[in-house]
Amino acid sequence: LEKLSQIKPRSKRIVSRERSALFDNRALIPDFSEQLFEGWWLGTNNSAQETEAWLQRAVECADLRWGRDCRTNLKGLKII
């Protein structure tokens, strides 16, 4: 989680130790963040495409290989 929390492609992180660090747009924080467990927050405002990209990043942070050690297919899945 620590490695993943350092990744911020544009204006948001997927996880953070600080809830306020998840989004550049502070208005998103109340509605689109959930506490994973004490000391860690998750940003929930992600499309299926963004979710798959975050999963790939998480796999790489764990020193695994996407497509070999872990894979998924979120195409056509509507995440609400």
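A quick note: this is a predicted structure, and the numbers were derived from the prediction, not measured.
Legend: salt bridge (Lys or Arg N to Asp or Glu O under 4.0 Å) pairs involving residues 63-72, not counting sequence neighbours, sorted by first then second residue: Lys3-Asp63.
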Donor-acceptor contacts, no H, no angles, side chain residues 24-37, under 3.5 Å, sequence neighbours left out:
from	atom 1	to	atom 2	distance (Å)
Asp24	OD1	Lys8	NZ	2.7
Asp24	OD2	Lys8	NZ	3.4
Asn25	OD1	Ala27	N	3.0
Arg26	NH1	Ser20	O	2.5
Arg26	NH1	Phe23	O	3.0
Ser33	OG	Arg19	NE	2.7
Ser33	OG	Arg19	NH2	3.2
Ser33	OG	Ile29	O	2.5

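The closest side-chain heavy-atom distance from Glu2 to Arg17 is below 4.5 Å. A heavy-atom distance below 4.5 Å is not found between the side chains of Cys61 and Leu1. Contact of the Ile7 side chain with the Ile14 side chain is not registered, since no non-hydrogen atoms from C-beta on lie closer than 4.5 Å.
In this structure, Trp54 is not a member of the same hydrophobic cluster as Val59, with clusters built from ILVMFWY side-chain heavy atoms closer than 4.5 Å.
Taking each heavy atom of Glu18 and Trp41 in turn, the nearest pair found is C-CD1, 4.1 Å. Residues Ser16 and Ser5 come closest through the heavy atom pair CA-CB, 4.3 Å. Of all heavy-atom pairs between Pro9 and Lys12, the closest is CD-O, 3.7 Å.
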